[in-house]
Amino acid sequence: RRDFAGAFDQAGIGRGIAMALAQAGAKVALLDINRAAAKLGTTEAVLRQALLWLEARGDIYLIEWQAGDTVRIAPGDG
């Protein structure tokens, strides 16, 4: 299991998620919400809403919210 929070940067959430998935060559990634929010300098609630927005746009697919504030994500079709 890899940690994808480190792939996030100041460029934005969507770009960070896309970069994390591309770097891993993964179809599915596990994202730690707390670490990613801290890395972006935002709150967990803002990050969760951003993820839902990205899913609505088709940029990502949220497979499963897991215990421990992690979410399994995959590239979207948008």
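In this chain, numbering begins with 1 at the start of the sequence shown. Quick caveat, the model's predicted, so the values are computed rather than measured.
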| query | Rounded to the nearest 0.5 Å, what separation is found between the CG atom of Asp77 and the CD1 atom of Ile60? | reply |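 CD1 of Ile60 is found 12.0 Å from CG of Asp77.
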| request: State the CG-CZ distance between Leu52 and Arg57, to the nearest 0.5 angstrom. | output: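 One finds 13.5 Å between CG of Leu52 and CZ of Arg57.
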| field | With sequence neighbours excluded, residues passing side chain to side chain donor-acceptor pair (under 3.5 Å) with Glu44 | value |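 Glu44 satisfies side chain to side chain donor-acceptor pair (under 3.5 Å) with Arg48 only.
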| At their closest point, which heavy atom of Ala37 faces which heavy atom of Leu47, and how far apart are they? | N-CD2, 3.6 Å
| request: Give the minimum heavy-atom separation between Arg35 and Asp32, together with the two atoms involved. | output: N-OD1, 3.0 Å
| request: For the residue pair Thr70 and Trp65, establish whether any side-chain heavy-atom pair is separated by less than 4.5 Å. | output: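 The answer is no; the side chains never approach within 4.5 Å.
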| task | Kindly indicate whether the side chain of Leu51, heavy atoms from C-beta on, has any atom under 4.5 Å from the side chain of Leu31. | result |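 In contact.
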| said: Please check this pair: side chain of Glu55 against backbone of Leu62, looking for a donor-acceptor N/O pair closer than 3.5 Å. | reply: yes
